[in-house]
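Take a look at the structure set out below.
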There are 2 protein chains.
Amino acid sequence: MPPPLHVSFIAGRTGTWRIDSMSTVRGEPLALAERLMIVEGQEATPHSDMQWALRGVTSNTRYTHKTELEHLVDKQEGLRRLQATCAAFIPIRKTAAWWDLAQDERRAIFEEQSGHIRIGMDYLPAIARRLHHSRELGEAFDFLTWFEYAPEHAEAFDDMLRKLRNIAEWQYIDREIDIRLSRSA
Amino acid sequence: MPPPLHVSFIAGRTGTWRIDSMSTVRGEPLALAERLMIVEGQEATPHSDMQWALRGVTSNTRYTHKTELEHLVDKQEGLRRLQATCAAFIPIRKTAAWWDLAQDERRAIFEEQSGHIRIGMDYLPAIARRLHHSRELGEAFDFLTWFEYAPEHAEAFDDMLRKLRNIAEWQYIDREIDIRLSRSA
């Protein structure tokens, strides 16, 4: 597992990824923007035509057990695959009630009740994913998840999101923005 | 549980806490300094006579189960008790091998094998403690722990540290500085 990587997602008029849609699933919306730039491993410089910037950092796993981690490592593929010209960027915030739970209670909701890992596993390796933690950086969201997939897996991706939004864990989410993006092949 | 609080520990010539000793337990030392200033809830401003500054952020529990959390909340006292004129500041870093473990493996080492929570519990409420996470902030240490206690509990504190340094979890620590401090009553 690589050491924590700081990543800034900067929405404005420039960047590799074109924003095709932005939907507010829960809570306050984010300002609309045309493109998203992703800056890794350094503090992003704010610039004048920026609509917003969200910062996150990759980290160690928090709920995944050894056997699950082995399956994930075995099945998942990395970002930046040539054919993965579609992406989704989904910032979420969890409620205070979630963060007040003890570790075993959060794990039980996350996996035993919700099957979060099991659901995600069914869509590997088609959907690649990187989770960024934001809560400890003092950001407006707790997590920023970045997904990449080929256009032929767009339906599968929607299918996965539908399932995730119905699990018990999702009741602890009070802000969620669903941003879809694409880039030229 | 309060939301994440950013805390900077700034060593130099000023600050409420006088540094009485600094011992390097493992790894590279930190520069000696006279006093420690603690700045909460904001980015600390670097100043010219500063020896070093370490930043951390409080967060949700990562290993504590519900019954353990209930016992802790029941027994522990907060920082800034009038009689607690002694403090210890212990920055530690864990190895890559620790961070590569899955959640259930880290929990098993932390508590079932090491009794980290059980050991700490025996010293409540005499020893007050606040844990700050640093790894995701890109700092040189992974955790900064701040302890406060009355002078008559200094021996008990040493006793607790001796036990902690002998547990299985401590084999995953490759840098540790033990800084002892005091303030006027």
Side-chain angles (χ1 to χ4, degrees), chain A residues 1-8 40-43 55-74 93-112 116-117 131-144 172 174, chain B residues 1-8 40-43 55-74 93-112 116-117 131-144 172 174:
Chain A
M1 194 173 293
L5 176 70
H6 281 256
V7 183
S8 294
E40 291 186 354
Q42 58 187 54
E43 289 301 309
R55 297 176 311 137
V57 57
T58 64
S59 187
N60 58 292
T61 56
R62 303 283 165 91
Y63 301 110
T64 317
H65 286 183
K66 182 176 162 62
T67 47
E68 293 157 351
L69 195 57
E70 284 167 355
H71 285 140
L72 284 171
V73 167
D74 210 48
R93 186 180 62 199
K94 284 185 167 171
T95 60
W98 172 262
W99 295 115
D100 282 345
L101 293 172
Q103 177 68 29
D104 56 339
E105 296 176 295
R106 277 181 275 108
R107 159 71 198 190
I109 295 168
F110 184 86
E111 190 56 21
E112 281 71 25
H116 189 136
I117 298 169
L131 177 67
H132 310 80
H133 298 256
S134 286
R135 187 167 188 257
E136 286 78 21
L137 303 185
E139 293 280 299
F141 293 90
D142 290 341
F143 300 101
L144 313 174
Y172 292 91
D174 67 1
Chain B
M1 192 172 294
L5 176 71
H6 282 256
V7 183
S8 294
E40 291 186 353
Q42 57 189 53
E43 288 301 308
R55 297 177 310 137
V57 58
T58 64
S59 186
N60 58 292
T61 57
R62 305 283 165 90
Y63 301 109
T64 318
H65 287 182
K66 182 175 163 62
T67 47
E68 294 156 350
L69 195 57
E70 284 166 354
H71 286 140
L72 285 171
V73 168
D74 211 45
R93 185 181 63 200
K94 285 186 166 170
T95 61
W98 172 262
W99 295 115
D100 282 345
L101 293 172
Q103 178 68 29
D104 56 339
E105 297 176 293
R106 277 181 276 109
R107 156 73 197 189
I109 296 168
F110 183 86
E111 191 55 23
E112 282 71 25
H116 189 136
I117 297 168
L131 178 67
H132 310 81
H133 298 256
S134 286
R135 186 167 189 257
E136 286 78 19
L137 303 185
E139 292 281 299
F141 293 91
D142 290 341
F143 301 101
L144 312 175
Y172 293 90
D174 66 1

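Below, read A as the first sequence line, B as the second, and so on, with proteins coming before strands; counting in each chain starts at 1. Just the heavy atoms: all of them, side chains too, but no hydrogens, waters or symmetry mates, feed the values below.
- With chain B as partner, the option from A/Ala96, A/Gly138, A/Pro4, A/Pro3 having the largest number of non-hydrogen pairs under 4.5 angstrom is A/Pro4.
- Expressed to the nearest 0.5 Å, how far NE2 of A/His133 lies from NE2 of B/His133 amounts to 12.0 Å.
- A donor-acceptor contact under 3.5 angstrom links the side chains of A/Trp99 and A/Asp142, judged on distance only.
- Residues A/Trp98 and B/Asn60 are not in side-chain contact: their nearest non-hydrogen atoms beyond the backbone lie 4.5 Å or more apart.
- In this structure, the side chain of A/His116 does not engage the main chain of A/Phe110 through any donor-acceptor pair within 3.5 Å.
- Two residues are said to be in side-chain contact when any heavy atoms from C-beta on lie closer than 4.5 Å; B/Phe143 and B/His132 fail this criterion.
- A donor-acceptor pair under 3.5 Å links the side-chain atoms of A/Glu111 to the main chain of A/Ile117, judged by distance alone.
- For chain B, the nearby part of A/Glu105 is the side chain; its heavy atoms alone come within less than 4.5 Å.
- Heavy atoms closer than 4.5 Å to chain B are found in the backbone of A/Leu101, but not in its side chain.
- Looking at A/Leu144 and A/Glu139, their side chains never come closer than 4.5 Å, going by heavy atoms from C-beta outward.
- Residues of residues 61-68 of chain A placed with any heavy atom under 4.5 Å of a heavy atom in chain B are listed by number as A/Thr61, A/Arg62, A/Tyr63, A/Thr64, A/His65, A/Lys66.
- Looking at A/Leu137, both its backbone and its side chain come within 4.5 Å of chain B, counting heavy atoms on both sides.
- With a 4.5 Å cut-off on non-hydrogen atoms, A/Arg107 does not touch chain B at all.
- Judged by distance alone, with hydrogens and angles left aside, the side-chain atoms of B/Ser134 form a donor-acceptor pair with the main-chain N or O of B/Arg55 at under 3.5 Å.
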